[in-house]
Every structure is written in C-alpha cells, then in structure tokens.
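Sequence positions, counted from 1, serve as the residue numbers for this chain.
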Amino acid sequence: MNKKYRFVTAALFSLGILSFIGGYLRHYTVAVLDPKGPVGRQEYHLIILTLLLSLIVVIPVFTLLFWFTWKYREGNRAKYSPELDGSRLAETIWWLIPSALILVMSVIIWNSSHQLDPNKPLTSNIKPMNIQVIALDWKWLFIYPEQRIATVNFVQFPTNTPVNFEITADAPMNSFWIPQLGGQIYAMPGMSTQLHLLANQPGRFRGSSANISGHGFAGMHFIAESSSRADFTQWVQTVKHSSNQLNSDTYDHLAQASTDNPVTYYNSGPSGLYNSVITRYNGPPGSMPGMRMQ
C-alpha cells in the first residue's frame, strides 16, 4: 500500500476511535465527574488538576513515541545520531520535568488529604444528621438513631444538611461509596469509620460497594436521595407507618447472606444495635452482647 494511503488510513482510524469515545461519553454520565456536593466538587477539581498536570508528561512522551516510530520506520533513511546517547541536556530534561511534577503533586496531595479528611465535620450553620450504616452480605442497613427508623438499600436526607455517616460491617470488609457526593470509606467488622457528606441540590444518587466482597457484590448498591426538609419529614412519617419491626429476630434474618435485596423500611431502629455489632467482634469468640430494643 502507498505510504500516503497508509498514513491517511491510520489517521482516519484514530479519528474514528476518538469520535466513538466522544459520542459514548456524551450520552453517559461519569458519576465522579458530575458532583452534587462540596466534597464531590473538591474531588472533581483534584481529578481535573491531576489529569492536566499528568498531560505535561503524557503528551510529550506519546508525541515522541509516534515521531520516533515514523522517523525510524523501515525504509526511511533517517540520520544516524549516536551522540544523542548520554546527552546531559536530554537526561536533564526527562528527569527534571517528572521530578518537578511529582513534587508539585505531592504538595497538592498533602493539602487535599487534610482538607478532605473523612473524619473532618463539614462547616455549616445547619445541625448535622447522624446515620449509622452496617454493611451486610450483600446489602446496606441504614439506622436513623434520632428518627428511630431503619432502611435497607435506601437512605434519604435533607438537602444542604451535613450528614455524618457512622459505618461498620457485620460481614466481610466492604466499602461505602456515593460517587456524586464524595469518596469511599471502608466498612470493617469491629471498627467504626466516619464519612461526612452533604448534597447541595435535590436528587437521587447511586451508592454502591467499592470493595469486592463475594458473589453478591455486583448487586450491593443503594439509592441516596436528597430532598427538601418537608419531604424528608413526610418520608420519615411514612417509614414509621411501616409494618416491619427491626428486632433481634428480624436482624438475624436480615444479616444472612442474600442478593439483590429490595428496598425495605422498618418503623423502629433498635437502640444500641450499631454498637452491639461493633463489640461483637471485639469480645470473646462466639459472644454477642445483647441488644437493647426500644
């Protein structure tokens, strides 16, 4: 094939691939690139910033890769330049630029790690809401200690209200993640982790497990809904009229391994259940402190 036609074919193929990727992304929303809260927004800016900084190295490297491939292709009489090997100028350039980039990114990571510490409460004039989360096989249990209700695979909270998630697991280690609101945090048996999030607009956001935990992992997702204060209050009253009671027997049944669990409401949340689940793994083997049901 003529060299000219080979070049045109390669260019058209590359353009077609880029067009396909662009068209796909146009009709598909990447959750972490569509933040709906201040934490998610800061993480979005970090993703874009690190991407742009990485391009400082990526673009020249791939440009040189294709240029050298083209220049030293078979049949092309390129000039032989052995003096380039060991060039101090070239060595300085391709070591200095990546080193400077790593230094800049280290400073950014250090500062952002402290600013986005999941244990750090969010600044707000509105009283935070506490929601306890227990990762089970393969479902999520949400307990509202103040509202005295509980839900499975669904969590709702008012817009612009800081939410303090207390997270543990009564199953293999897992990871709690609402991509549009903020980063994930691990759910571990015998431990309690915290994650502070806030949604600054109403909506329904997909939550999921970010840690493979068995064959039911793919269906271990939930809906996080941000609503007005009035709608949240009405929803709480609806849940309180549910016929389901969360007690020792229903919890033991719920904790059994199951997949693709539907959303379920419980009109009472047992006081002390969350702490009991944690201490269960810290006591003698086979022990399970009694739960105080109210």
Side-chain angles (χ1 to χ4, degrees), residues 118 129-157 163-179 181-195 197 204-225 235-236 239 242-283 285-294:
M129 171 179 292
N130 293 320
I131 299 178
Q132 298 170 338
V133 184
I134 302 177
L136 302 170
D137 276 336
W138 285 270
K139 63 195 79 73
W140 295 96
L141 173 63
F142 299 94
I143 301 173
Y144 293 73
E146 297 176 0
Q147 288 75 23
R148 306 292 302 278
I149 59 173
T151 62
V152 172
N153 288 341
F154 183 85
V155 59
Q156 186 167 334
F157 41 81
V163 182
N164 173 24
F165 289 102
E166 297 179 87
I167 305 167
T168 191
D170 194 6
M173 185 177 76
N174 222 293
S175 183
F176 179 82
W177 190 27
I178 308 176
L181 298 186
Q184 59 87 24
I185 193 74
Y186 283 109
M188 296 172 283
M191 297 183 64
S192 180
T193 54
Q194 285 190 322
L195 181 63
L197 298 177
R204 292 169 66 91
F205 317 117
R206 190 177 190 273
S208 65
S209 165
N211 189 78
I212 297 177
S213 57
H215 77 274
F217 159 76
M220 193 174 175
H221 49 77
F222 62 92
I223 295 297
E225 181 170 342
W235 174 77
V236 170
V239 176
S242 169
S243 59
N244 297 319
Q245 294 276 343
L246 185 58
N247 51 42
S248 298
D249 293 335
T250 54
Y251 177 78
D252 290 341
H253 177 75
L254 183 64
Q256 295 178 9
S258 57
T259 59
D260 299 319
N261 293 267
V263 173
T264 308
Y265 296 150
Y266 296 93
N267 65 19
S268 62
S271 176
L273 171 58
Y274 182 83
N275 291 330
S276 295
V277 170
I278 295 175
T279 56
R280 171 184 184 179
Y281 294 89
N282 295 325
S287 66
M288 175 62 177
M291 295 181 293
R292 180 166 54 91
M293 304 296 181
Q294 296 181 358

Self-check item: Point-to-point distance, once rounded to the nearest 0.5 Å, from CD1 of Ile131 to CG of Leu195
Solution: 11.0 Å
Practice problem: Take Asn174 and Asn211, measure what side chain to side chain donor-acceptor pair (under 3.5 Å) needs, and give me the verdict at the end. | Solution: CA-CA 5 Å; Asn174 222 293; Asn211 189 78; 5.5 Å; no
Exercise. Hey, could you give me the CZ/CD1 distance between Phe217 and Ile212, rounded to the nearest 0.5 Å?
Key: 5.0 Å
Quiz item: Tyr281 and Val277: which non-hydrogen atoms are nearest, and at how many Å?
Solution: CD1-O, 3.2 Å
Exercise. Determine the minimum heavy-atom distance between Ala135 and Met220, stating which atoms define it.
Key: CB-CE, 4.1 Å
Self-check item: Heavy-atom side-chain contact between Asn164 and Gln194 under 4.5 Å
Solution: yes
Quiz item: Heavy atoms, side chains only, cut-off 4.5 Å: are Trp140 and Val133 in contact?
Solution: yes
Quiz item: What do the steps show when you test Thr151 against Trp235 for side-chain contact (heavy atoms from CB on, under 4.5 Å), and what is the final call?
Solution: CA-CA 12 Å; Thr151 62; Trp235 174 77; 3.8 Å; yes
Quiz item: To the nearest 0.5 Å, what is the distance between NE2 (His221) and CH2 (Trp177)?
Solution: 14.0 Å
Quiz item: Would you say the side chain of Thr259 lies within less than 4.5 Å of the side chain of His215, judging by non-hydrogen atoms?
Solution: yes
Quiz item: Is a side-chain N or O of Asn153 found less than 3.5 angstrom from the main chain of Lys139, in a donor-acceptor match?
Solution: no
Quiz item: Which is it for Phe165 and Val155 under the side-chain contact (heavy atoms from CB on, under 4.5 Å) test, yes or no, and what are the steps along the way?
Solution: CA-CA 11 Å; Phe165 289 102; Val155 59; 4.3 Å; yes
Practice problem: Would you mind reporting whether Val152 and Leu136 have side-chain heavy atoms less than 4.5 Å apart? | Solution: no
Quiz prompt | Distance in Å, Glu146 CD paired with Met129 CE, rounded so as to fall on 0.5 Å steps | solution = 7.0 Å
Quiz prompt | CZ-CD distance between Arg204 and Glu225, expressed to the nearest 0.5 angstrom | solution = 5.0 Å
Exercise. Please check if the side chain of Asn130 supplies one atom and the backbone of Pro145 the other of a donor-acceptor pair under 3.5 Å.
Key: no
Quiz item: Which pair of non-hydrogen atoms, one from Ser213 and one from Trp138, has the smallest distance, and what is that distance?
Solution: O-NE1, 2.8 Å
Practice problem: Begin with the C-alpha distance, continue with both residues' side-chain angles, and end with the deciding distance and a verdict on side chain to side chain donor-acceptor pair (under 3.5 Å) for Thr250 and Asn247. | Solution: CA-CA 5 Å; Thr250 54; Asn247 51 42; 3.1 Å; yes
Self-check item: Distance (rounded to the nearest 0.5 Å) between Leu254 CG and Asp249 CG
Solution: 12.5 Å
Self-check item: Residue among Tyr274, Phe157, Phe222 satisfying ring pair (Phe, Tyr, Trp, His ring centres under 6.0 Å) with Phe142
Solution: Phe222
Exercise. Test side-chain contact (heavy atoms from CB on, under 4.5 Å) on Leu141 and Tyr251 and set out the steps.
Key: CA-CA 10 Å; Leu141 173 63; Tyr251 177 78; 3.8 Å; yes
Quiz prompt | Heavy-atom closest pair, residues Thr168 and Ala187 | solution = O-CB, 3.5 Å
Quiz item: Between Asp260 and Gly219, what is the shortest heavy-atom contact and its length?
Solution: OD1-CA, 3.6 Å
Quiz item: Checking side-chain contact (heavy atoms from CB on, under 4.5 Å) for the pair Gln245/Asn267: CA distance, chi angles, key distance, verdict?
Solution: CA-CA 6 Å; Gln245 294 276 343; Asn267 65 19; 3.1 Å; yes
Quiz item: Are any non-hydrogen side-chain atoms of Val239 and Phe154 less than 4.5 angstrom apart?
Solution: no
Exercise. Over all heavy atoms of both residues, which pair between Ala224 and Ile178 is shortest? Give the atoms and the distance, please.
Key: CB-CD1, 3.8 Å
Quiz item: Just by modelled atom types, is the Tyr186 backbone N or O under 3.5 Å from a matching donor or acceptor in the Thr193 side chain?
Solution: yes
Quiz item: Counting heavy atoms not belonging to Met191, are there more than 12 under 6.0 Å from its CE?
Solution: no
